[in-house]
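The block underneath contains the structure these notes are about, expressed in structure tokens.
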Amino acid sequence: MQGGRLLLRINDMLDSQLHGEPRAVLTPKGYRWYQTGHPWIYRGDLAPPLDEFHSRLVRVEDGRERFLGRAFYSLTSRISLRFVTFEDVPVDREFWRARLRAAIAYRKKVVEHSTAMRLVAGEADGCPGLIVDRYGDFLVVQSLSAGMERLFDDILSLLVEELSPRGIVVRNDLQVRVLEGLPRGTRLAHGEDPGELELEEHGIRYLADPMRGQKTGAFLDQRENRAAAGRYARGRCLDAFSYHGSFALHMAPRADDVTVVEISSDAIGRAERNAILNGFSNISFVEANAFDFLRSMDVSGERFDTVVLDPPAFARSRQDLEGALRGYKEINLRALKILAPGGTLITSSCSYHVSEAQLLALVSEAAGDVRRSVRIVEKRMQSRDHPVLLTMPETHYLKSLILQAD
Ligand code: SAH
């Protein structure tokens, strides 16, 4: 594998010397899109196709041979180019080292009281398709673009040099890899398997399993919202779509009791161990479909003072949008019905395709349906270690609202 990659890169170098750097030329429409600063170029915005350069770094030009940047090229994806830089600088090992160092330095500024965090968030850190999460002394890495895959061994060795992790897990099991023509799989790339390891987040301890858990082991993007939920929690609390008890653990210290609802039995099992780890005895665990659970609470007239809804992305593509909006509306409607007077609803959507305005509109409709007046207490988003790139709306995927009902 390593030898093969090396050969590939030597071939790239020889090829570039013989034929010059591979070039991609934008159409006039592509150029107008480029001027918005978005780091992706779609297939239709490329003048002649570049079939033979799949996964290579290419020099991007306008129709007059002016340099526009360097980008990863993908033949298979609808996203043909992913810009790596808009500057005319060599993209070599030291370039990537500098990118990784900048990403790590940013987290040192914005992440507090947490031993797990996202260190590199793809395009938002100038590393198209690269995800690096830190879990204590371990790293979990994903490569989601053909161009990044080609460099992957170099990136892993840079991470070892920069961070000396005890182990690196590669979670390349995401469906999006298929769009880039890449195989899916999980492997240990360096050091030890972290197993189920203990982490800390704003004074709460929890176990996560990077090799076998969902995503890279935990939903790090909700970290700051979980801490916020801890501040609002009171009385009888419900954490629906809880994963391994994540919001519940933060609410338990202030709550009378917390009910965890989650469909995955693995996640529920770890939620129970997480409660024990923190010495909480006021959490109960229900393995169920949250849609059914919310309906049954409504029917039986149960009431909660604090409700958290954190469902998986219902809209994975634009085609799913309509059904997704119905799903979000349904759970938010049920949540408002079972919310006690003066109660707090903390509701999220992690679908990029559902905008904050759409989330607000559907919750507002639900409030109208149940004739309750509801105040927006806070509008929130993903934690700051998952930065939103201003020129790339796709990076703002998680929307959270903290609402108070009369
Ligand atoms: N709140 C969690 C993240 C939740 S992700 C955190 O902060 O860590 C969404 C969770 O919903 C996943 O754990 C998934 O297993 C669960 N899930 C998916 N569909 C569900 C359903 N219909 N009912 C209950 N749980 C569901």
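Read the numbers this way: they start at 1 and go in the same order the structure lists the ligands and their atoms.
For ligand 1, the atoms lying closer than 4.0 Å to a non-hydrogen atom of Ala288 are 23 (N), 24 (C). Taking a cut-off of under 4.0 Å to the non-hydrogen atoms of Pro312, the atoms of ligand 1 that pass are 9 (C), 11 (O), 18 (C), 19 (N). Atom numbering of ligand 1 starts at 1 in the shown order; those under 4.0 Å from a heavy atom of Phe247 are 1 (N), 7 (O). Close contacts between ligand 1 and Asn289 involve ligand atoms 21 (C), 22 (N), 23 (N) [criterion: under 4.0 Å to a heavy atom].
Under 4.0 Å from ligand 1, the heavy atoms of Gln214 that appear belong solely to its side chain.
Cation-pi geometry between Arg166 and Phe138 is not satisfied (NZ or CZ under 6.0 Å from the ring centre, within 45° of the ring normal).
No side-chain donor-acceptor contact under 3.5 Å links Glu356 and His396.
Note: no N/O pair closer than 3.5 Å links Asp239 and ligand 1 by distance alone. In terms of polar-atom proximity, Phe291 is not counted as a contact of ligand 1, lacking any N or O under 3.5 Å from an N or O of the ligand.
Among Arg150, Glu149, Glu180, the one residue that satisfies the side-chain hydrogen bond (donor to acceptor under 3.5 Å, both in side chains) test with Ser55 is Arg150.
Closest to atom 8 (O) of ligand 1 by heavy atom, among Ser246, Ser264, Ala313, is Ser246. By heavy-atom distance, the residue among Phe293, Phe314, Phe219, Tyr206 lying nearest atom 5 (S) of ligand 1 is Phe219. Checking Asp310, Val261, Val286, Asp292 against atom 2 (C) of ligand 1, the nearest heavy atom belongs to Asp310. Taking only non-hydrogen atoms, the option from Glu262, Arg223, Arg226 nearest to atom 13 (O) of ligand 1 is Glu262.
Ring geometry for Phe241 versus Phe314: interplanar angle over 60°, hence perpendicular rather than tilted (30 to 60°). Using cut-offs of 30° and 60° for the angle between ring planes, the Tyr42 and Trp33 rings count as tilted.
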Item to complete: Could you walk me through whether Gln142 and Arg171 pass the side-chain hydrogen bond (donor to acceptor under 3.5 Å, both in side chains) test, one step at a time?
Response: CA-CA 5 Å; Gln142 296 176 320; Arg171 285 291 302 258; over 6 Å; no
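Ring pair Phe86/Tyr34: centre-to-centre distance below 6.0 Å.
Among protein heavy atoms, the minimum distance from atom 23 (N) of ligand 1 is reached at Ala290 N, 2.7 Å. Ranking the protein heavy atoms by distance from atom 4 (C) of ligand 1 puts Phe241 O, 3.2 Å first. In this structure, the protein non-hydrogen atom closest to atom 17 (N) of ligand 1 is Ile263 CG2, 3.6 Å.
Ligand 1 does not have Ala267 within reach: every non-hydrogen atom of the residue lies 4.0 Å or more from it.
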